[in-house]
Amino acid sequence: MNKQSIGAKALLWIESNYNSLTKAEKKVADVVLQDKEKVVYSSVTDLAEMAATGETTVLRFCRKLGFRGYQEFKLAVAQDLVSPSENVHGAIDENDKIGEIAQKITSSNSQALKDTLSLLQEKELQKTVDALLSKKRIFFFGVGSSGVTAMDAQHRFMRLGFQAFCANDAHIITMNCALTGPDDVVVGISTSGSTKDLVDAVRIANENGATIVCLTNHARSPITQYADAVLLASSKETPLQGGAFASKLAQIHVLDILSTIVALRRKAEAFQAIEKTAKSVVDKLY
C-alpha cells in the first residue's frame, strides 16, 4: 500500500495491520482507535502517556504504518475524521452567512483567551519574570508560524530596553543556542511543543546552562522536558489548522501579559527605552 492510500484511510490501515503490531504498539493503536478525536489534539508525549508506553514506541508505531513521524500520522487521522471544510475552518459551515462566520470566529478567539488565562500559572509567570529581569540577553525562537510570534516578542521586549533577539530559521536557532550560556534566557515558542528543529536546539541551550522558557499549548510535550518555566496557551487545532490565528492570539496574549508585568517591574528603565525608541522612528511617519 502506498503512502497516499495509507494517508487517506489511516484508521482502516491500523485495524487491518493490528495483529502484526508488537504488544506495546497495540497499546498505542488501542488508544487511537478508542479516542480518535482526542489523539488529533494530543502531543506525542500525551499519546505515549495515554497508552502507557514511551515516545519511541509511538514513533515506531507511526513509522510502521508508513508515516515519517507523529505529525504526519495525526494529519492522516484528522483527514479521516472530518470533512476538508471542517479541517480548515473548524466548526464553521461553508453555508454560514458572513455575519455567522464573524460571530463564530470571534467566539472561538475569545474562548481561547479565556482558556489561556485559566491555564496560566502564577508560579510559572513569576519564574519567567525573574529570569528575564536577571539575565543579560533574551532569545525568542520559533519555527513557521511560531517564528512570526517570536519576531513580535523580540520587537516588544527590545522596545522595553532588553537585549532581545529572535530567529525562525532552524540553522540560525541551533547556532544561537550553541552560543548561549548561564546569562541568557531562551524562550522557545511552539504550539505543538514537538517541533523537532526547535526542541533539539533548546536542548543544546539547556545543556549550556541557559534558562529555558517554553510557550506551548501542550503541558506534556518534548519541549517541556528542557524548560525551567512553562507558559501555556490554549487553542485547539488539528494538524490541518496549523498556524491558526486563534493559536497566535493566545500566544501573543501570554506575551502581552508577560511584557506588561516585566515593564512594571522596571518601570523607569522601560519608560525611558520606550521614549527613546519612539523618538528614533518619529521621522519615519507622515
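These numbers were taken from a predicted model, which means no experiment stands behind them. Side-chain atoms are counted along with the backbone in the values below, which use heavy atoms only and exclude waters and symmetry mates.
The two residues Q251 and S146 come nearest to each other via the heavy atoms NE2-OG, 3.5 Å. Summarising the geometry of Y226 relative to R203, their closest heavy-atom pair is OH-CD, 3.4 Å, with the distance given to 0.1 Å. What you find for T277 and R159 is that their closest heavy atoms are OG1-NE, 3.1 Å. Contact detail for V199 and G193: the closest heavy-atom pair is CG2-O, 3.7 Å. The nearest pair of heavy atoms linking A178 to N208 is O-ND2, 3.2 Å. In this structure, A205 and V186 approach most closely via the heavy-atom pair CB-CG2, 3.9 Å.
Distance check: L160 CG to Q272 CD gives 12.5 Å after rounding to the nearest 0.5 Å. Interatomic distance, L232 CG to S118 OG, rounded to the nearest 0.5 Å: 11.5 Å. Taking CG of N109 as the reference point, atom NE2 of H253 lies at 12.0 Å (rounded to 0.5 Å). Of the inter-residue distances, the one linking F140 atom CZ with I189 atom CD1 reads 7.0 Å to the nearest 0.5 angstrom. Atom CG of L215 is separated from atom CG of L258 by 9.0 Å, given to the nearest 0.5 angstrom. Taken to the nearest 0.5 Å, the CD1 atom of I173 stands 7.5 Å off from the CG atom of D197.
Between K127 and D228 there is no salt bridge, since no side-chain nitrogen of the basic residue lies less than 4.0 Å from a carboxylate oxygen of the acidic one.
Within the 3.5 Å criterion, the main-chain N or O of V230 finds a donor-acceptor partner in the side chain of E124. Between the S259 side chain and the L255 main chain, a donor and an acceptor come within less than 3.5 Å of each other. Proximity of a side-chain donor or acceptor of S107 to a complementary backbone N or O of Q103 within less than 3.5 Å is not detected. One N or O on the side chain of T216 and one on the backbone of T191 form a donor-acceptor pair closer than 3.5 Å. Side-chain atoms of E72 come within 3.5 Å of backbone atoms of R68 as a donor-acceptor pair (strictly under, hydrogens ignored). Of the possible donor and acceptor atoms, one in the side chain of E25 sits under 3.5 Å from a partner among the backbone N and O of T22. Not a single donor-acceptor pair under 3.5 Å links the side chain of T211 to the backbone N or O of A131. Under a 3.5 Å cut-off, the side chain of K27 and the backbone N or O of T53 do not form any donor-acceptor pair. A donor-acceptor pair under 3.5 Å is formed between the side chain of N176 and the backbone N or O of I172. Judged purely by atom type and a 3.5 angstrom limit, K248 uses its side chain to pair as donor or acceptor with the backbone of S145.
Under the 4.5 Å side-chain heavy-atom criterion for Ile, Leu, Val, Met, Phe, Trp and Tyr, L132 and V254 are members of the same hydrophobic cluster. A continuous path of ILVMFWY side-chain contacts below 4.5 Å connects V262 to L125, so both sit in one hydrophobic cluster. Both L231 and V129 are members of a single hydrophobic cluster when ILVMFWY side chains are connected at heavy-atom separations under 4.5 Å. One hydrophobic cluster, built from ILVMFWY side chains closer than 4.5 Å, holds both L21 and L59.
S192 and Q71 form no side-chain donor-acceptor contact under 3.5 Å, judged by distance and modelled atom types alone. Y18 and D30 are linked by a side-chain donor-acceptor pair at a separation below 3.5 angstrom, with hydrogens and angles left out of the test. There is a side-chain donor-acceptor pair under 3.5 Å between D46 and S43. Side-chain atoms of E55 and T45 form a donor-acceptor pair, as typed in the model, at a separation below 3.5 Å.
Each of T149, T195, N217 was compared with S190 under the side chain to side chain donor-acceptor pair (under 3.5 Å) criterion, and only T195 meets it.
Side chains of C177 and F141 form a contact here, defined as non-hydrogen atoms less than 4.5 Å apart.
Counting non-hydrogen atoms of other residues, nucleotides and ligands closer than 6.0 Å to CD of E207 gives a total above 12. A 6.0 Å sphere centred on NZ of K64 holds more than 12 heavy atoms belonging to other residues, nucleotides or ligands. Heavy atoms of other residues, nucleotides or ligands lying less than 6.0 angstrom from CG of L264 number more than 12.
For the pair R137 and F162, the cation-pi test (distance below 6.0 Å, angle within 45°) is failed.
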Subject >> Full working for side chain to side chain contact (heavy atoms under 4.5 Å, CB included) between L47 and Y70 >> reply: CA-CA 10 Å; L47 180 54; Y70 181 59; 3.5 Å; yes

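A centroid separation of less than 6.0 Å is found between the aromatic rings of F61 and F73.
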